[in-house]
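Here the structure comes first, spelled out in structure tokens, and everything after it is commentary.
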Amino acid sequence: MFIKFPLTKPSEIHSHGKTKPRSNEMLKGYVKVNATSKALLLFRDLIRKSTSSIDSFSLLYIINACTRNSSRHEGRQFITLVVKLGYMHIIFIQTSLINYYSAVANLADAHQMFDEMPVRNVVSWTALISAYVHNQKPNSALKLFREMQMKNLDPDQVTLTVALSACADLGALDMGKWIHNFICRNKKMNKDLSLYNSLLNMYTKCGDIETAKKTFDSIKEKDVTTWTSMITGYAIHGQAKEALALFTAMTDSKIHTKIVPNEVTFVGVLMACSHVAMVDEGKRYFNSMIHDYKLKPRFAHFGCMVDLLCRAGCLQDAKDFILKMPMKPNAVLWRTLLGACSNCGDIELAEEARARLIEFEENLAGDDVIMGNIYASRGIWDKKETARNRINERRVPGCSSIEVGSKISEFVAADGDHPFVCKIYEVIESLMGNMSGYVSSFDAYDT
DNA sequence: GTATGCATTC
């Protein structure tokens, strides 16, 4: 006679009803504080005991942990478990999986998960739209957003927050304004700070700095993101004085409720300094960030500082700054220096920066374009020719950017294009009829 | 008890 031994002790079998919720509470807690190893170990212990010691909630929490850490290897195993244990029909699991696939940059599977859902709601739609935004496909995100409305499904404030983010990435001011209007008309909707922050960001990124300021002023309870968005908005529009005045206002407890700046705030502040070559101020803010606010500078901050030193013409200082960084410099930093060398005609430094860039195996035509231009400006034609040949080997087509005004939603750029960029021939085709015979002449190689 | 969101260097 076959006797099946229980995998768990009898006492534990009886306490199943209690241990499961308790272990799930622990899992949830670990995931919440990002104690991933602890969560994974706990999950492993549970599953070793018996598959009946976990349920759909346990899997949901552990998948969320994988999402937070972009853990493909673990994630795949948990998805297998979801299928094996028969939890795939649960909408919460499905939505979490869209999120997970998005985090591991697997849009195809995120979309397939969505397609296979028999029942979808505003949350699952928003999860997919957000997946496209986070994977640099703002056009597809907006397409989905429109599709959702076509199906008469009302977006909630989260959907609109994400859609506005897509508009910001595209520079799609008209769509952004349309959403703004939609928000104002919709009296029933919950409107929270994230939504207004996203709206403010959309206006700054679309270049409507006046409406951005109005939006900023209309937000009564601002958080650090609100302030940072406005500071960065002024910075990218070259209004350094306004940006720095805002930073002062933000940190001045006498004027406003004091908000503590974070790393991102300082990126905006340093950008402001760099755009008007305020070298000493930039250095002061950089040091203040480290010593007064105990914030660790990241690539973005080093990038701003290199840019700042370069714009001020202190190329050697910029190079020393890069070499003295506590972490390994990335390609962007060397490329900033290379660009500056081109403006100043510093061949030796340019060659050094170019050599550093080759180590990154990033084959960008632009780097050789700069080298070619530097050699040409000095009349060193043989080297110019070599650089030019390297460009032609790659034959990367260039594209131009154009403002299409009220028709932007009709002529939006294809996903994969640079933000703010519409392929010029698409616009010309639309405006002047089919000119496909001419469009290839607009393909440049980069000049 | 469970799923969706805002600000970041060229």
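Predicted, not measured: the structure shown is a model, and the values here were computed from it.
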To the nearest angstrom, how far is [X] atom [atom1] from [N] atom [atom2]?
X	N	atom1	atom2	result
A:Arg311	B:dT9	CZ	P	12 Å
A:Phe114	B:dA3	CZ	P	19 Å
A:Leu195	B:dA7	CG	C1'	15 Å
A:Leu200	B:dA7	CG	P	10 Å
A:Leu333	B:dC10	CG	C1'	9 Å
A:Leu308	B:dC10	CG	P	12 Å
A:Ile63	B:dT4	CD1	C1'	16 Å
A:Leu59	B:dT2	CG	C1'	12 Å

Under 4.0 angstrom, heavy atoms only, what part of the nucleic acid is [X] near: base, sugar-phosphate, or nothing?
X	answer
A:Met305	nothing
A:Asn64	sugar-phosphate
A:Gln157	base
A:Ser194	base

Do any side-chain nitrogens or oxygens of [X] fall under 4.0 Å of OP1 or OP2 in [N]?
X	N	answer
A:Asn201	B:dC6	no
A:Ser130	B:dG5	yes
A:Lys205	B:dT8	yes
A:His275	B:dT9	no

Nucleotide nearest [X] (side chain, heavy atoms from C-beta), chosen from [options]:
X	options	value
A:Thr161	B:dG5, B:dC10, B:dA3	B:dG5
A:Asn24	B:dG1, B:dA3, B:dA7	B:dG1
A:Tyr61	B:dT9, B:dG1, B:dC6	B:dG1
A:Thr225	B:dT2, B:dG5, B:dA7	B:dA7
A:Ser229	B:dA7, B:dT4, B:dT9	B:dA7
A:Val264	B:dT2, B:dG5, B:dT8	B:dT8
A:Phe57	B:dT4, B:dT2, B:dT9	B:dT2
A:Val224	B:dC6, B:dT8, B:dA7	B:dA7

Inset, instruction - Please confirm whether any donor atom in the side chain of A:Asn197 sits under 3.5 Å from an acceptor in the base of B:dG5, or the reverse. - result: no
Inset, instruction - Go through the N and O atoms of the side chain of A:Asn262 and the base of B:dA7, and report whether any donor-acceptor pair is under 3.5 Å. - result: yes
Legend entry - Identified side-chain hydrogen bond (donor to acceptor under 3.5 Å, both in side chains) counterpart of A:Asn197 within the set A:Thr228, A:Thr226, A:Thr225: A:Thr226
Determine whether the aromatic ring centres of [X] and [Y] lie less than 6.0 Å apart.
X	Y	value
A:Trp227	A:Phe216	yes
A:Trp125	A:Phe145	no
A:Phe247	A:Phe266	yes
A:His111	A:Tyr101	no

Legend entry - A:Asp280 bridged to A:Arg284 by N-O distance under 4.0 Å: no
